[in-house]
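One structure is given here, and the rest of the page talks about it.
Chain A is the first sequence line, chain B the second, and so forth, proteins listed ahead of strands; every chain is numbered from 1. Computed over heavy atoms, backbone and side chain alike; hydrogens, waters and symmetry mates excluded.
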Amino acid sequence: MSKVIELQRNSCLLHGALQTVKAIEGAVPIIHSTAGCGIQQYLGGTLLSGNGGSGYTGGLSISSTNVIEKQVVFGGTSRLREQIKNTLKVQAGDVYVVLTGCTTELVGDDVPAMTKEAQEQGYPVITVSTPGFKGKVHEGYTVAVKSIINQLDKFTKVKNYKVKGLVNIFGIIPEQDVFWKGNLEEIKRILESVGIKVNILLGLGQGVEQWGEIPSAELNVVISEWGIPIAQLIEEKYGVPQVCFQNIPVGPKETSDFIKLIAAKLNLEDDIVNKFIKKEEERLAYYIESFLDSYFKYNFKRSFAIVGDSSLALGITNFLVNPLGLIPEVIIITDDIDEKGKKFINKKFENQNLNIIFNEDGKEIRDLINKENVELILGSSLEQEVANVLEVPLLEVSFPIINSLILNKGYAGYNGALNLLEDLGSTIINKIL
Amino acid sequence: MTEHRQKRPLIREKKLKATNAYFGKVTQLVESFNSNELKQRIRTFSQNSVDEIIYTLEVLNGIENSVIIIHGPSGCASAQLNRYLSKSGVPWLVTNLNENDSILGADSKLKVAVNRALAHYKPEVIFIVSTPVVAINNDDIQSIIFELEEEVNVPLVPIYSDGFRSKINAYGYDLALHSFAKYLFPLAKKTQKEDYINLISVSESNKRLKKLKKILEDLGVKYNVIGKGSDINNIKKSINALATITVDVHEGYFLAEVLRDNYEVPYIKIQTPVGVDATSSWVLEIAKLLNKEDEAREYILKKQEKLTGLIEVNLINDKKVYINQDLAVTLQLAKLIRQLNGEVSGVTVNYIDNISLEELKDFEINTALQNIHVASGQIFELVNIVKKINPDIYIGKAEDTIWISKLGIKCIALDNDELYGYKGVESIVKQISKSLQNNNLENYLKSNFKLPYHENWIEKSANWHIKQEVK
């Protein structure tokens, strides 16, 4: 059921797929659509993701068929054939991923036929069907990852033998999670520290080789709703089991639980795991101790509203509540997770008396927060206005974020908790001084 | 001329012989325009670029007390989110069309959107922006508007931006301005000529526009701006102005011509005020309209004197400069560079049309420049061209500068520069000076980064993928 939305923050399925493909090293997206689709993602996605950059292959540099009226009336398959052929010649890459937009899907271009042609000539070209009208940005990630996994053999060596202690991470959506690079980096760090080999599959050093290793993992780790169908597919296709943590772990308690859960599934020695957890918890405690003066002086124990996608919003909420002692008044979840997911979330938090609302409408979100008597808001740049009206500090934790430059900062794990404390602290203090 | 009463304006390819795909001799281009034989060209390899929808939104976001409804799937509204958060945008709704709507039609959603817009913002005007899905499905926006108009007191203005009708993205400007003429001019009352001149500004930011307004204020010229920070009243009263000028003729010409041809408001074409001469000419031409020539000359003299004192002589002597900006700005900057004794070694403009024929001829005569590159984006061509030319300085925008800087070439991006007027000259020169002083970043980038293109491509001729369109 899709509604009219005011002050919308969630873009379309094509954009989610594009964001995903761009994050794979060596992947070259080829957009088969009108000229503006990629730029809409750059302006309304990348630039608003903590002032993200074009990187190696994004921004104005994305291969695109730029279909015009002629292709709408007579079909665009020959234009696509030409574009694929020439992209192979102009742009270096390990896999070329054709993404279809609304226009070409409505017109009914036979895109798979074009990619099949290229494959038969020995080129690593694959297709994902991604018209914007088929869903939102989050689903674009799920659709893209599933489709790429289904076509691994078309562009890379598929490793089918099992590798002990190797895990894949699913559920963090590039650019939609503004802190995706930092979050993935921290998750990789903490799991590697206890002897686990981690493929985060997106970002620095993660290319077609890592994707080829997906079936050889011992376990798939899912940290948001959007990773579940992916883990499901891999389990059916390659027998790799999954474990769902359901949200990004933030802070000592959840992060330690996260590591223990995965370590248990992998039958790791308790010793190493406990040693690492103890060290990290002690390190975190050391810094939390330094921040106590500010905590009490600037009144950190506040009632708060938080707005964002389920994975990070719930993760942050858990940390703020325990051990930081803050009081959640309303949690507004902005990704369109299905009924099963909503049920799970409501159940997981049912004995905590949290007010959880599912909404992505910017105006309705503003009105909801306005009604509450909160002393702090965590949300996106779209929540700045209501924060001004209520005269409370706003910490930006979710998409879109235009007021910060974010490179590798994350809010996940132990390091993420420290980053969160620093940012939260600075925001609160600056509002008071 | 009844073009403005049609559903949409003529596309620029037809109306102005515009093209966005060319790399070759300037002389040849000028000749094709002269002989009216400019062939349309297409690309056999292309990269994504700004489209008419994004440019339509640029215009609409200048109108305060309005609401924009984007009638399409959620992705078409992404750029609008950027505008709004950059504090240069108005509130908006998106009808969020999904697969079902695509099959069954989305009229009810449009009605819901209009009613919400009215209830929440009490706007003076509501703009309804069409998108490819709506265009292909042939949704009938007009009849919804007829239905709603009986109940609402606010003009509902449709813009039929389909996203694929024209290769020239500036057509988006025409679409928006056309809607002003078609739907908002008729709401105004034609009276006797007033004493203000219209200033049509399209892509200029609020900040830059303010500077231009200040120049007019210093001259004692009354103005009526259609651009950032204007509203429906500015649009309406434009039909009674003394004259119309546009900051950039390529952007605002459509409305200026409607005013000239239907409302007896003369259209005074003057150069975009970038660079010393163009700024002085701008000031003088406007002053002439109001018999303030003497004041203007005094003003110009004063400003130019101050400027000469600030510009370091010999800074750009014999330096090779590549310029990539919007058409009017590029041509003016080229003049400025030559004035400062620099050499214009290459230019890229986003499109070319027959409005710029005179400027182009002028350009041809006054530069030693052989080739001109016409493209919106198309970084692959840009990198190919600029690498071969190897200029001392590249002047572009952030979105293209990031790529050229990786070649190790000293780069300047003008996104947040003053650009216009005498202050603009001062600021651009300062940027050039800093760039020549410290280019450590570009050196670092050259050693650490590759561009995503095959070496093979860089060796080919830049117009390899530009072909004449076969009808």
Side-chain angles (χ1 to χ4, degrees), chain A residues 2-15 28 31 34-41 43-45 47-48 53-54 56-57 59-69 71-72 82-83 86-87 89-93 102-103 106-107 132-137 363 381-382 400 402, chain B residues 43-54 72-82 84-86 91-102 109 112-113 116 120 131-133 136-137 162-167 169 377-380 399-400 402-403 449 452-454 456-457 465:
Chain A
S2 87
K3 296 167 27 184
V4 169
I5 299 179
E6 209 167 319
L7 307 180
Q8 169 198 264
R9 69 193 66 199
N10 291 329
S11 191
C12 69
L13 192 127
L14 171 65
H15 290 173
V28 176
I31 302 175
T34 46
C37 293
I39 304 295
Q40 287 265 10
Q41 192 282 318
L43 296 174
L47 294 181
L48 301 182
S54 300
Y56 180 65
T57 187
L60 287 187
S61 207
I62 301 182
S63 167
S64 170
T65 49
N66 295 356
V67 301
I68 46 171
E69 195 162 18
Q71 281 98 27
V72 171
E82 177 183 71
Q83 183 77 8
N86 289 322
T87 306
K89 292 197 186 135
V90 173
Q91 269 183 270
C102 296
T103 304
L106 284 176
V107 166
F133 59 70
K134 263 220 163 101
K136 286 304 184 77
V137 61
K363 173 75 168 51
S381 295
L382 279 172
I402 198 175
Chain B
R43 286 190 165 84
T44 57
F45 172 77
S46 51
Q47 295 172 316
N48 60 192
S49 56
V50 175
D51 71 350
E52 57 197 54
I53 294 175
I54 293 171
S74 55
C76 298
S78 272
Q80 181 62 17
L81 177 61
N82 185 318
Y84 186 77
L85 291 178
S86 307
W92 80 105
L93 294 97
V94 57
T95 49
N96 196 20
L97 301 186
N98 64 8
E99 194 158 20
N100 264 346
D101 303 320
S102 189
K109 276 185 161 174
V112 166
R116 280 186 72 175
H120 294 166
T131 58
V133 168
I136 293 175
N137 288 338
D162 301 332
F164 53 73
R165 277 204 206 266
S166 170
K167 299 194 291 292
N169 43 34
Q378 311 317 315
I379 302 297
F380 74 107
E399 64 203 23
D400 45 80
I402 49 178
W403 307 101
F449 294 94
Y453 304 111
H454 286 300
N456 200 304
W457 159 247
H465 290 288

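The shortest non-hydrogen separation linking A:Ser381 to A:Ile402 is OG-N, 3.0 Å. Of all non-hydrogen atoms in A:Pro400 and A:Arg9, the two that sit nearest each other are CD-CB, 3.9 Å. Across all their heavy atoms, A:Glu6 and B:Leu93 have their closest contact at CG-CG, 3.6 Å. The heavy-atom pair separating B:Trp403 from A:Tyr56 by the smallest distance is CZ3-O, 3.3 Å.
Ring geometry for B:His465 versus B:Trp457: interplanar angle of 30 to 60°, hence tilted.
Put simply, of A:Gly53, A:Ser61, A:Cys37, the one with the most heavy-atom pairs under 4.5 Å next to chain B is A:Ser61. The candidate with the highest count of non-hydrogen atom pairs below 4.5 Å against chain A, out of B:Arg116, B:Arg165, B:Lys167, is B:Arg116. Across A:Ser63, A:Gly135, A:Gly132, A:Gly45, the residue that shares the most heavy-atom pairs under 4.5 angstrom with chain B is A:Ser63. Interface summary for chain B: among A:Leu13, A:Thr34, A:Leu43, A:Val90, the most heavy-atom pairs under 4.5 angstrom belong to A:Val90. Note: B:Thr44 leads B:Thr131, B:Ile54, B:Thr44 in heavy-atom pairs under 4.5 Å with chain A. Among B:Ser74, B:Gly72, B:Pro73, the residue with the largest count of heavy-atom pairs under 4.5 Å with chain A is B:Ser74. For chain B, the option among A:Val28, A:Asn66, A:Leu14, A:Thr57 with the highest count of heavy-atom pairs below 4.5 Å is A:Asn66.
B:Ile402 meets the side-chain contact (heavy atoms from CB on, under 4.5 Å) test with A:Ser54; sequence neighbours excluded. Residues meeting the salt bridge (Lys or Arg N to Asp or Glu O under 4.0 Å) test with B:Glu399, sequence neighbours left out: none.
No part of B:Asn100 comes within reach of chain A, as not one of its non-hydrogen atoms sits under 4.5 angstrom from that chain. Of the atoms belonging to B:Asp101, it is side-chain heavy atoms, and not backbone ones, that fall under 4.5 Å from chain A. Both the backbone and the side chain of B:Tyr453 come within contact range of chain A, with heavy atoms under 4.5 Å apart. A:Leu382 touches chain B through backbone and side chain together, each having a heavy atom under 4.5 Å away. Within the 4.5 angstrom heavy-atom criterion, only backbone atoms of A:Val67 (N, CA, C, O) approach chain B. Proximity to chain B (any heavy atom under 4.5 Å) is shown, for A:Leu7, by both the backbone and the side chain. In this structure, chain A has a heavy atom under 4.5 Å from the side chain of B:Ile53, while its backbone stays farther away. Within the 4.5 angstrom heavy-atom criterion, atoms from both the backbone and the side chain of B:Ser86 approach chain A. Both the backbone and the side chain of A:Ile5 have a heavy atom closer than 4.5 Å to some heavy atom of chain B. At a 4.5 Å heavy-atom cutoff, the contact between A:Leu48 and chain B is made by side-chain atoms alone.
You'll find the side chain of A:Leu60 reaches within 4.5 Å of the side chain of A:Ile39, heavy atoms only. No side-chain heavy atom of A:Gln41 sits less than 4.5 Å from a side-chain heavy atom of A:Ile31.
A:Ser2 places a side-chain N or O within donor-acceptor distance of the main-chain N or O of B:Asn96, the cut-off being under 3.5 Å. Side chain of A:Thr87 to backbone of A:Gln83: a donor-acceptor contact under 3.5 angstrom is found.
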